[in-house]
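When reading the values below, keep in mind they use all heavy atoms of this one structure, side chains included, and skip hydrogens, waters and symmetry mates.
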Amino acid sequence: MSDTSSTPPVKQRQGIQSIEVGTRLLRALAAHGRAMMLRDVARHAGMPPAKAHRYLVSFMRMGLVEQDANTGRYDLGEFALELGLASLARLDPVRLAGPVLDDLCEHIGETVALAMWGNHGATCVRWVEAGGPVTVTLRTGVVLPLTSSATGLAFAAFYRSPYLRKMLDAEVQATAELRHAAPAAVLSALTVQLDEIRRHGIARASGSVTPGINGFSAPVFGHGGRMVAAITCLGIIGNFDLDWDSPMAQATRDAAATLSRRLGYGTVDDGVADRQSAEHAGRPGTADGACA
């Protein structure tokens with residue numbers, strides 16, 4: 001008797017092998033980052049030059065590849081650019097962040113959140129609760145202060161917006177009045193803090209927004225090199241190591257880097273974000289710690 005309970009193997013869907021083979025050439029051109037000679041693109045694609053040439057001719061007719069008439073080098077064509085831009089336009093940070101946040105929460109065992117820049121500032125748009133004996137919660141829609149929360153500090157250090165600068169100025173002024181200090185002194189202290197955040201690639205804060213809560217927040221960049229979101233993790237002081245090089249900090253950086261790659265960061269100009277961050281030096285607000 002045959003075993004009818006066994007699951008039949010999943011049948012692989014039939015495709016067009018020549019298209020799959022030809023795509024290796026497109027991948028080679030995309031990975032190289034500049035125009036290539038026929039022999040080089042063929043070698044990177046793992047096929048003879050004569051065979052590669054036939055595919056490239058077809059790709060040129062489609063607009064996927066173009067050839068420089070003077071050098072004979074091949075590069076991605078206009079239609080390939082259109083496809084890439086159309087794909088980037090469909091990327092949704094909130095949707096793509098879901099699995100990244102779930103993985104981070106499971107890995108570190110702490111509450112994690114995604115924040116984006118909204119009409120009123122750095123806003124929590126999604127969060128995943130760790131579900132331990134002591135739970136740290138973060139309400140969706142809450143706006144975090146720029147100078148006293150890890151999330152806000154991440155935006156203050158890496159995000160570029162005229163409105164953000166106005167908000168920083170207002171928080172600096174409010175902090176100075178609360179401390180009976182000169183605004184210039186408060187601004188100077190925050191400038192030092194933001195420079196340190198940029199050096200470490202992550203913001204940290206302890207207990208000033210929610211007593212007893214520590215937090216890390218790392219910037220997420222989009223395909224153009226601009227910061228588009230922040231990934232934040234929160235935990236109870238005493239069980240949450242705030243060292244810059246702690247496993248918690250590194251896991252948060254890694255999660256932000258993963259989401260950045262999924263959003264196309266690195267496909268245009270990796271240096272854009274660094275140049276934008278440099279523009280912020282000297283434009284900050286208050287200092288010690290926070291949580292969200």
[X] atom [atom1]: more than 12 heavy-atom contacts under 6.0 Å:
X	atom1	answer
H107	NE2	no
Y163	OH	yes
E196	CD	yes

Apply side-chain contact (heavy atoms from CB on, under 4.5 Å) to residues D68 and D75 and explain how you reach the verdict. CA-CA 8 Å; D68 189 297; D75 205 348; over 6 Å; no
Could you grab the distance from atom [atom1] of [X] to atom [atom2] of [Y], nearest 0.5 Å is fine?
X	Y	atom1	atom2	result
L164	L146	CG	CG	5.0 Å
L187	T147	CG	OG1	11.0 Å
I213	L234	CD1	CG	7.0 Å
I202	F158	CD1	CZ	9.0 Å

Pair [X], [Y]: side-chain N/O donor-acceptor within cut-off below 3.5 Å:
X	Y	result
D169	Q173	no
T111	E129	no
R61	S58	no

For Y74, enumerate each residue passing the side chain to side chain donor-acceptor pair (under 3.5 Å) test, keeping only those at least two apart in sequence or located in another chain.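 Listed in chain order: Q67.
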Quick one: list whatever passes side chain to side chain donor-acceptor pair (under 3.5 Å) with R43, sequence neighbours left out. D40
Is M62 reachable from V21 through a run of hydrophobic residues whose side-chain heavy atoms are each under 4.5 Å from the next? yes
Whether R198 and D195 form a salt bridge (side-chain N of Lys/Arg under 4.0 Å from carboxylate O of Asp/Glu) is what I want to check. yes
